[in-house]
Amino acid sequence: MTGRDTRDILGGVLLMMVGVFAVLYARQYAFGEAARMGPGYFPTVLGWLLAVLGLAITLPALKRPGEPLGVRWKSLALVLVSVVYFAFALPRLGLVPAVGGAVFISSLADDDLRWRGRILLTIAVPILMVAIFVTALSMNLSLFWW
């Protein structure tokens, strides 16, 4: 172990950045008050909570020793490819093939996951997506290209 706890430092700083972005972005909406919340109330409160949580993670990590940070390039590339695949496949192929393909591609990034687990994930996640977004929330999404 050498240096500081880089993982927690980066994670905490990222949480703070997302929180501050949410607060700044929510300024364009009316804030309201606790009894009558405006559209900017929830993102502002959530943004501040994320920023405080990020600070609570970062400060102790500055004093704690940690391992050097290494990038797993294969995992990074596979997750990015899965996001790009989903973005292109959703309007062209529909929800089920887009989600199934993205889950399968991103599952290849985990070396500990066996093929049985990959296949179960590839089947289960699209079923959950259909159950949640199409059935429960009644969202009008194309399930397949046909």
By the salt bridge (charged side-chain N to carboxylate O under 4.0 Å, His left out) test, which pairs, at least two apart or in different chains, include something from residues 69-95?
K74-D111
Check salt bridge (Lys or Arg N to Asp or Glu O under 4.0 Å) between D112 and all other residues, then give those that pass, not counting sequence neighbours.
none
May I have the list of side-chain donor-acceptor pairs in residues 121-130 shorter than 3.5 Å, sequence neighbours left out?
unit_1	atom_1	unit_2	atom_2	d
T122	OG1	R118	O	2.7

Here the pair of heavy atoms bringing L113 nearest to S107 is CD2-CB, 3.8 Å
Under 3.5 Å, sequence neighbours excluded: what are the donor-acceptor pairs made by side chains of residues 39-49?
unit_1	atom_1	unit_2	atom_2	d
T44	OG1	G40	O	2.6

Same apolar cluster (I L V M F W Y, side chains within < 4.5 Å links), M139/F144:
yes
Using the rule that Ile, Leu, Val, Met, Phe, Trp and Tyr join whenever any side-chain heavy atoms are under 4.5 Å apart, tell me whether L14 and V20 fall into a single cluster.
no
Name every donor-acceptor pair, under 3.5 Å, that has one atom in a side chain of residues 93-104 and the other anywhere in the protein, sequence neighbours excluded.
none

Sequence neighbours excluded, which residues qualify as salt bridge (Lys or Arg N to Asp or Glu O under 4.0 Å) partners of R7?
none
Other members of the hydrophobic cluster containing V52, with the 4.5 Å side-chain heavy-atom rule, please.
none
Sort and list the pairs that fulfil salt bridge (charged side-chain N to carboxylate O under 4.0 Å, His left out) and have at least one residue in residues 44-65, not counting sequence neighbours.
D5-R64, D8-R64
Hydrophobic cluster partners of L120 (side-chain heavy atoms under 4.5 Å):
none
Taking ring pair (Phe, Tyr, Trp, His ring centres under 6.0 Å) as the cut-off, I'd like each qualifying pair that reaches into residues 80-100, sequence neighbours left out, listed once.
none
Taking side chain to side chain donor-acceptor pair (under 3.5 Å) as the cut-off, I'd like each qualifying pair that reaches into residues 14-28, sequence neighbours left out, listed once.
Y25-Q28
Please give me the minimum heavy-atom distance between I105 and L78, naming the atom from each residue.
CG2-O, 3.5 Å
Check whether S75 reaches the backbone of W73 with its side chain - one donor and one acceptor, N or O, closer than 3.5 Å.
no
Apply side chain to side chain contact (heavy atoms under 4.5 Å, CB included) to the pair L53 and I57, showing each step before the final yes or no.
CA-CA 6 Å; L53 179 63; I57 291 171; 4.2 Å; yes
Do L90 and L141 sit in one hydrophobic cluster, given that two such residues count as connected whenever their side-chain heavy atoms are within less than 4.5 Å of each other, even indirectly?
yes
If you group Ile, Leu, Val, Met, Phe, Trp and Tyr whenever their side-chain heavy atoms sit less than 4.5 Å apart, what else falls in with M17?
I9, V13, M16, L55, L59, L62
